[in-house]
Amino acid sequence: MTARRLLNPGPVTLSPRVRAALGRPDLCHRQEEYGEIQAEIRQALAGLYCDPADWSAVLLAGSGTAAVEAMLGSLVPRDGRTLVIANGVYGERAAAILAAQGKPHHLVRAEWTAAVDPAAVERALGEEGYSHAVAVHHETTTGRLNDLAPIGELCRRHGAALLVDAVSSFGGERIDLQGWSAEACAATANKCLHGAPGVSFVVARRAALGRPTAAPGVYLDLQRHHAEQERGTVAFTPAVHPTFALQEALREHADEGGWRARRTRHRALSSIVRTGLLGLGFELLLEDESAYGASLTSFRLPAGVGFERLYGDLLARDFVIYPGQRALAREIFRVAVMGDLDPADAGAAVAAFAGSLAAQAGEARHAAV
Ligand SMILES: *Cc1c(COP(=O)(O)O)cnc(C)c1O
């Protein structure tokens, strides 16, 4: 039996090592051992891109959206103003979160297939004062890796603290929080870090975590979680087994060479997928390959080929592909290479696409006679 391979952007296909960690002996989160696991994870997360002397990681039980909601809720003051920079579903979701929290914000929206325009961001920042800006690093809607260096520079000049949704890039791309003058980023265990779903986190400047919380609720109060985690305890019941898995995933990530090696690995797999599918006649959604990050590619659905058919044919060969969202649902499909996949898997996925196209062509010929 071949194991099912997930080509969706999280949850990912788990490595045997990470899967085994899920089955470790039960542990109470009030035991000292849990505190040690939590400390190792927080140190690794803060140290992945930053100096843990100035930056700290806060673990949450929840999906990536919980981390984004906690970051925006806790760090943006109630009377702060946030510029939301969006070119996809996740930027727009950040605006929806701020709206739900009743916090003033303004949306600079680009087409989902377009890059963020720094000139538009600069105009908006010049029109009004903003305490914060929020941007998405890897916009999973399309697979575009947004260039946050110029955005960060504009935010710094205008005195707006940058908050980053790095949910689908953390661990697998360069993230220069210091260079972008960012205040925090939100991410999750089960995308580029190859952990299991259930744990997400925010990496933030210690100075920001030292300010009073602006959280509109109790559960997603970052400062509260941070204070407890700094003491080696937890505020509420954590996702214990997914936390075991995250510890192991981070060890595996380090053993394999950190975020650069993870990016190299994802790039190699994406290259097999892109070359293979372009060779079959599929077209990229974005203007060219250089617009994409390492881990995900969006392709146009060819005329006359529905997503459901491709999905079903791929599933019959144990691959799970991902549809487009909202307006793109009938236009595109997406192939992510996060998780425990190797070049043979990527090649087999390309063969499965070829098989689906050949079967559909055969049926069309048959129907025509
Ligand atoms: C996946 C994702 C999220 C949301 O994560 P969930 O785990 O589905 O809540 C947010 N932002 C980006 C960029 C993502 O890719």
Side-chain angles (χ1 to χ4, degrees), residues 6-14 45 58-73 84-98 100 107 109-110 112 115-116 133-148 151 162-175 177 180 182 184-203 219-220 239 242-243 245-246 249 262-263 266 270 285-286 291-298 320-326 328 332-339:
L6 301 179
L7 303 179
N8 49 287
V12 301
T13 309
L14 298 180
L45 292 174
V58 189
L59 298 182
L60 299 164
S63 79
T65 306
V68 176
E69 191 154 330
M71 174 175 74
L72 298 177
V84 183
I85 301 159
N87 58 346
V89 167
Y90 297 101
E92 293 177 15
R93 185 177 295 173
I97 289 171
L98 288 164
L107 185 60
R109 196 196 304 245
W112 287 3
V116 169
V134 51
V136 178
H137 186 213
H138 178 240
E139 193 27 286
T140 321
T141 309
T142 58
R144 183 185 295 278
L145 191 67
N146 285 317
D147 181 6
L148 296 188
I151 304 299
L162 180 64
L163 302 173
V164 180
D165 172 345
V167 176
S168 65
S169 54
F170 197 98
E173 298 283 356
R174 175 185 300 282
I175 296 181
L177 293 176
W180 300 341
C185 77
T188 189
N190 63 290
K191 291 194 184 184
C192 292
L193 289 175
H194 296 184
V199 184
S200 60
F201 57 91
V202 174
V203 174
Y219 190 67
L220 294 177
T243 304
L246 177 56
R262 185 58 52 87
R263 183 176 66 176
H266 287 165
S270 285
L285 174 68
L286 300 182
Y292 289 93
S295 64
L296 182 142
T297 316
S298 50
V320 176
I321 59 169
Y322 215 48
Q325 288 153 294
R326 294 198 234 150
L328 292 176
I332 69 164
F333 65 93
R334 292 176 288 171
V335 180
V337 297
M338 301 161 187

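We count ligands from 1, going down the list as the structure has it; atoms in each ligand are counted the same way. Heavy atoms only: backbone and side chains are in, while hydrogens, waters and symmetry mates are out. The shown structure was predicted, so the numbers you read here are calculated from the model rather than taken from an experiment.
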Mind listing the closest non-hydrogen atom pair of M338 and S295 along with its distance? CE-OG, 3.4 Å
Listing by chain and number, which residues have a heavy atom under 4.0 Å from ligand 1? S63, G64, T65, Y90, R93, V136, H138, T140, D165, V167, S168, K191
What heavy-atom pair brings K191 and G10 nearest, and what distance separates the two atoms? CG-CA, 4.1 Å
Which heavy atom of A187 sits nearest a heavy atom of S200, and at what distance? O-CB, 3.3 Å
Check the side chains of E69 and Y219 for a donor-acceptor pair under 3.5 angstrom, ignoring hydrogens and angles. no
Parallel, tilted or perpendicular, judged at 30° and 60°: which one describes the rings of F170 and F201? perpendicular
Which residues pass the salt bridge (charged side-chain N to carboxylate O under 4.0 Å, His left out) test with R334, not counting sequence neighbours? none
